[in-house]
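Comments concern the structure below.
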Amino acid sequence: MAGPICFYVPSHIIDHIARNARRAGLDADAAQRTAVASAAIRQQRQTLATTSMDALTTPRPGQGDRQIFDDQQRFETGGKLVRGEDDGPAAPANVNAAYDSLGATREFFREVLGRDSIDNAGMTLLGDVNYGDKYDNAFWDGTRMVFGNGDEQIFQDFTRDVDVCAHELTHGITQHTAGLIYTDQPGAMNEAFSDIFAACVDQFVQKVDAGEHNWLIGEEVMAAPMYGEAIRSMAHPGTAYDNPVLGKDPQAGHMSQYVPDGDPHINSGIINRAFYLSAIDLGSYPAAKIFYAALQSLWPHALFTDCAYLCAEQARLLARDGKVSRNAPQTIRAAFREVGVA
Ligand SMILES: [Zn+2]
């Protein structure tokens, strides 16, 4: 089941880097290659070679088993199979980081939300590392999770931050549930759900709750010269970065800043912040249960107001069943009103 290809670093950032890196004294070649490669991936979905799997564990169907491939710096997915489920660590280290990230994402969905892999039927999880040459991005192509190495000036290896994998895999889950289309308000919600569960997986791994988390997306993949920047801030949309190479974070955090037909990564800040406000009050996992229930009852062309209504409705049902606190419906309504969705 193929959906749209979702890139981790949005095109407005990649394009800004490609235009401004050289002026800022950085080597712009990697960023320009990334921009070109991303466009090519968008145009032609690559046919996947089935590689032989000598001496590695064969995935059991329907168990959410993992398979990690090394693309060996080629711009082609499905390279050499290097680690299967329950196989020991393999070289290089990013193979194991990808294996662990896929595992953490799978476990969060299983333990906290009761979901069995992307399709809720134990779909095998495929991950590719070392994709391309200093490739400054990561993406979910509808069938597999693909990580670039970064150029080490702007981005580092994309396996470094578990929220990369969690964000991208959630696009697969959205594709199998609400099927939100990738434009305007449904597109912004599609993006927001990916950030929401990415933040929750981050907290799941770090064993922290809403109040102790930084609510940043992608801060661990920024290379040393970009230390302290991030790709998005869920607590304070529009403040994640501001520098000559990346540009200035354009994310909206309130309906008054909504960009009609804007990039989904820009308007997603509104729903991200509504989740953040809910999680601070209810705890991240109860808030995640509510938003996950809403995701399953949303539909492809749903609007923000539908999301607000369904979150409050699901909060009421979950509160009735003792799964979230009694005040959850009111907290959810207040959070959406605070970002101008009512
Ligand atoms: Zn995304």
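Just so you know, these numbers come straight off a predicted model, no measurement behind them. Every number for a ligand or one of its atoms is a count from 1 in the order of the listing.
- Among the atoms of H171, an N, O or S atom falls under 2.8 Å from the Zn ion (ligand 1).
- A side-chain donor-acceptor contact under 3.5 Å links D184 to the backbone of D261.
- Taking the ring centroids of Y8 and F139, they lie at or beyond the 6.0 Å cut-off.
- The Zn ion (ligand 1) does not have C6 among its coordinating residues (no N/O/S atom, backbone or side chain, under 2.8 Å).
- Geometrically, R33 does not engage F75 in a cation-pi contact defined by less than 6.0 Å to the ring centre and at most 45° from the axis.
- Summary: OE2 is the N/O/S atom of E191 found nearest to the Zn ion (ligand 1).
- Salt bridge R273/E338: present, at least one basic N to carboxylate O contact under 4.0 Å.
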